[in-house]
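Working notes, beginning with the structure itself.
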Amino acid sequence: MTRRSLTNGLARAAVRFKPAAFAGTFVALMMAAFIVSACGILLESGVRASAPPQRYADVPVVAAADQHARLADDSDDGVELVPDAARLDAALVSEIAAAPGVATAVPDVSYPLRTSAGTVTAHGWGSTAFTGGDLAQGAAPRTAHQVVLDQATARAQRATVGDRVTLTAADGAHRFEVSGIAKPAARAALRAPTAWLTDQRAVELSGHPGKIDAVAVLAAPGTTTGDLADQVRRAVDGKAKVHTGDGRGGVEEPGVAEAKELLTGLGGSFGGVATMVAVFTAAGTVALCVGQRSREFALLRAIGATPRQLRRSIATEALLIAPVAGAVGCLPGVALARWWFDQLQDKGAIPEPVRLHVSWIPLVSAVGAGVLAAVLAGLLAARRPARIKPGQALSEAAVERFRPGVIRTVLGAGALVGGIVLARVAAGESGDDAANLALGVVMLFMLSVSLLGPIIARLCAWLIGLPLRAGGAPAGLAAANTRANSRRLASAITPIVLAMAFSSTLVFLHTSEDHARDDQRRAGIVADHIVTDPDGLPADTAARAARTPGVRTAVGLLRAGVLVPTGSGETRMLTSAAAQGVSGTGDALRTVQDLDVRAGDQSAIGRPDTVAVDALLADSADAEVGDRLQIVLPDGSTARPRVVAVYGRGLGVAQLTLPRAALAPHVTAAYDTDVFVQRTPGGDPDRVAAALAPLGTVTDRDGYAEAQDKNREINVWANTTMAAVLGGFAAVAAANTLVMTVLDRRRELSTLRLIGSTRRQVLGMIRWEALLVGVAGVTIGTAIALITLNPMTRGITGTSPYIPPGLYAAFAGAALLIGLLSSTVPARLALRRTSTVGAGEKQ
């Protein structure tokens, strides 16, 4: 028999005849594949995200603006999606139309208009050249005051050809004559409520004069799509992006680009962290399994097995188990990815046309990562039992060797020092810089806990064991046992630390942010009434509210997102910030909002070419009163307004306050989000509210809940889900490890029974050990979370972390309960056997 066949035979026999010894390893590798495959599927779906074109299905080439903003022109640094939509100069239409091979170049715009029967989408009549617009009645619009409606909208409006209808744009109401009624589109996807205006009027009413959304390019006979695209690229000369194929769908569905960023962020950033945690935890379990079989390996060495044969046998065992465990774990991984994707799609973060991609790539990668981790962990754990002398191996198998390896200790100490240094650096930063550094802090501390596990475990056993030694026999025995078996204790503590640290960091970051946001909002809103509407309010709503009897002041607020360069040097980046455009003066704003101005002139807020900035954002952007602050507006254009004030309630109100006129031309639909109203002294609240009711939904400041930003809502949900996934994985890993360690102690537990310990005393010892492990894990995990959260919350909110006591108690209680159940249940099963049988079992 060859050496290879001998080692392979040993491996097969071990897996076949002692499957229980490998059950914990199988579970760990299966869970690792579960996490890695799910994240990999999301990442691949983000990379491949696309949407088939609907409106542009019959358009071979579409030219549109680049939807990314950059810190500098022609630079790939600091690239971010624009908050709204970038647009093209309408003059490009004639340049494209003159290019060889172009039959027609159609300017295209799309924006909402409100009617008495609901919202319709406005387009120019020229777009019917590629969408179809067969008229059932009447004629195409020829003047600026004519409109064509689809049949469903005309029916809802009870309008026929020649009637006049009111369409409300962001700048107010407009009267139009119905010149025609269009038949339903041939494709169901194009049958949304629609109003067609003349091309010129459609651009004027969009609020972006001289700007269009895209140019639809139709080919002349005999011109291929590739040739047409090349000609259009030459014509635009870098002023626009040219799209063909599914890229056309991304132009009409801007959410595709956001979905790509979201999915690649989840699958990449979270997937990277989750993969490291999963693979590292699985490797730890494999190492624990190998360590538990030290007696078996020592006997093999004693009967003549060579170190190479031992290592080969362990590697073969890993190759037998890991692929099967990985394949089994990929099945629920696909289900998790599909559930996660569907939830994001239901919440509107991913457009309906985008589909989940499940291919062999993430599945094979997940299985491969598990196989590689299992083989490497097994070989590393087998280094010492394979190389030491047989007699020494037998002695070390009888008594646990505490002395940790030099390399492991040095690396662990380095990770600990690095975490402390990075935590100090993060504490000195602000805003997103602090939050970004904090992730590195938690990862370094987790790495140090894993590497220095035996040392930390012995310290915890000594410290927490002090009060246990003063208790009864079970408590004292538990204290002595855990101190003597610190390696085993470390294997159990690490997953609990992992669960507490990551889950607490992700969840309590949002509780801290929500707490600070609510406090600032309650203090910042001093208006008596707030007028809102889900579809937005026309720009003249504030003026109409101000003319209402009993109203002293009315200020309209247009909310939008902008980008602000923050940081310095290599860390300089574009940061998203919430902005509000105010329709009144700074003095008027003071009566409805208390911004907590800390520097500058409150009265200057709202003047042309000015901006007021939240203090935390100003610090991150290194901006002071009197400076010019660079801002990327919602459509990607830039501005440099002068900072006239710095205030403290940006989280609850808005991080930037600008004149409304500075924001309105740069959003797709410049409808006001809210109108804040202050009554005249002595005014009757009910009477004023009733008078304001025709303008929209009216509430007071106590009942007002600002509509949560969609991106923030998605981020909160995604982080909570990530916390649940990582926490759940860590909980399973902790339970798996504890079950493995308790079942491995069957010989020890039976011996205790033989020397006179009662069943109750043995179970009491196990419970005290589980409590010690749980308390140590919760304490260390909490410390890591607090060290990480402090710079994050101070950078984002300016305050210390807010940890709801009930939620923290639930986290800690769950960790302790998992420890108790995972220890006592297998211990009860082990003690059911007779003492004689148990004592005779091999470890």
Side-chain angles (χ1 to χ4, degrees), residues 170 514 516-560 578-598 601-607 610-614 644-645 647-664 670-709:
D514 288 341
R517 185 187 301 271
D518 291 341
D519 286 348
Q520 291 186 20
R521 183 178 299 155
R522 282 192 296 269
I525 298 175
V526 295
D528 295 320
H529 302 281
I530 297 96
V531 183
T532 63
D533 190 288
D535 296 323
L537 301 164
D540 61 353
T541 304
R544 293 166 61 190
R547 296 193 294 268
T548 302
V551 172
R552 175 188 175 189
T553 308
V555 177
L557 300 177
L558 169 62
R559 302 186 187 276
Q580 61 177 7
V582 298
S583 61
T585 65
D587 291 332
L589 182 64
R590 191 200 311 267
T591 65
V592 294
Q593 273 188 358
D594 182 0
L595 295 175
D596 183 25
V597 174
R598 299 176 180 179
D601 183 8
Q602 167 95 26
S603 301
I605 297 177
R607 294 176 185 172
T610 65
V611 62
V613 190
D614 172 66
V644 295
Y647 55 88
R649 296 198 173 111
L651 191 63
V653 179
Q655 293 167 284
L656 295 172
T657 300
L658 299 154
R660 188 186 190 282
L663 279 181
Y671 292 98
D672 278 348
T673 311
D674 314 294
V675 171
F676 283 15
V677 175
Q678 182 75 26
R679 294 191 306 270
T680 56
D684 182 86
D686 294 335
R687 183 172 298 177
V688 173
L692 292 171
L695 303 179
T697 303
V698 182
T699 184
D700 58 21
R701 62 172 176 262
D702 294 329
Y704 172 70
E706 183 184 5
Q708 201 173 39
D709 179 69

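Counting from 1, the numbers follow the sequence of the chain as shown.
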message: As an exercise, state the distance from CD of Gln602 to CG of Asp596, rounded to the nearest 0.5 Å.
response: 10.0 Å
message: Given 3.5 Å as the limit, does a donor-acceptor pair link the side chain of Gln580 with the main chain of Ala654, or not?
response: no
- prompt: With no hydrogens and no angle check, is any side-chain donor or acceptor of Gln593 less than 3.5 Å from a backbone partner on Gly524?
  reply: no
- line: Pro685 and His529 have their tightest heavy-atom pair at O-CE1, 3.5 Å
- request: Please name the pair of heavy atoms, one in Thr548 and one in Leu692, separated by the smallest distance, quoted to 0.1 Å.
  value: OG1-CD2, 3.7 Å
Salt bridge present between Arg552 and Asp528 (N-O < 4.0 angstrom): no
message: When you compare the side chain of Leu695 with that of Val675, does any pair of heavy atoms fall below 4.5 Å?
response: no
message: Let me confirm one number: the CZ-OG1 distance from Arg590 to Thr553, rounded to the nearest 0.5 Å.
response: 11.5 Å
- request: For the residue pair Leu557 and Val582, establish whether any side-chain heavy-atom pair is separated by less than 4.5 Å.
  value: yes
query: Counting distance only, does the side-chain N/O of Arg660 pair as donor-acceptor with the main-chain N or O of Leu558 below 3.5 Å?
result: no
message: Can you tell me how far apart CD1 (Ile530) and CD1 (Ile525) are? Round to the nearest 0.5 Å.
response: 6.0 Å
Main-chain N/O of Val644 paired with Thr610 side-chain donor or acceptor, under 3.5 Å: no
message: Walk me through whether Leu595 and Leu589 qualify under side-chain contact (heavy atoms from CB on, under 4.5 Å).
response: CA-CA 9 Å; Leu595 295 175; Leu589 182 64; 4.0 Å; yes
task: Specify the closest pair of heavy atoms between Ala579 and Leu663, including all atoms of both residues, with the distance to one decimal.
output: CB-CD1, 4.3 Å
- request: Test Thr699 against Thr697 for side-chain contact (heavy atoms from CB on, under 4.5 Å), laying out the working first.
  value: CA-CA 7 Å; Thr699 184; Thr697 303; 5.7 Å; no
- line: Minimal heavy-atom distance between Gly556 and Asp672, with the atoms involved, is CA-OD2, 3.7 Å
- prompt: Of Asp594, Asp614, Thr657, which is the lone residue that meets side chain to side chain donor-acceptor pair (under 3.5 Å) with Tyr647?
  reply: Thr657
- prompt: Asp587 and Ser603: side-chain donor and acceptor closer than 3.5 Å?
  reply: yes
task: Mind listing the closest non-hydrogen atom pair of Ala670 and Ala664 along with its distance?
output: CB-O, 3.6 Å
message: To the nearest 0.5 Å, what is the distance between CG on Leu651 and CG on Asp518?
response: 9.0 Å
task: Looking only at non-hydrogen atoms, find the nearest pair between Val555 and Ala542 and report the distance.
output: C-CB, 4.3 Å
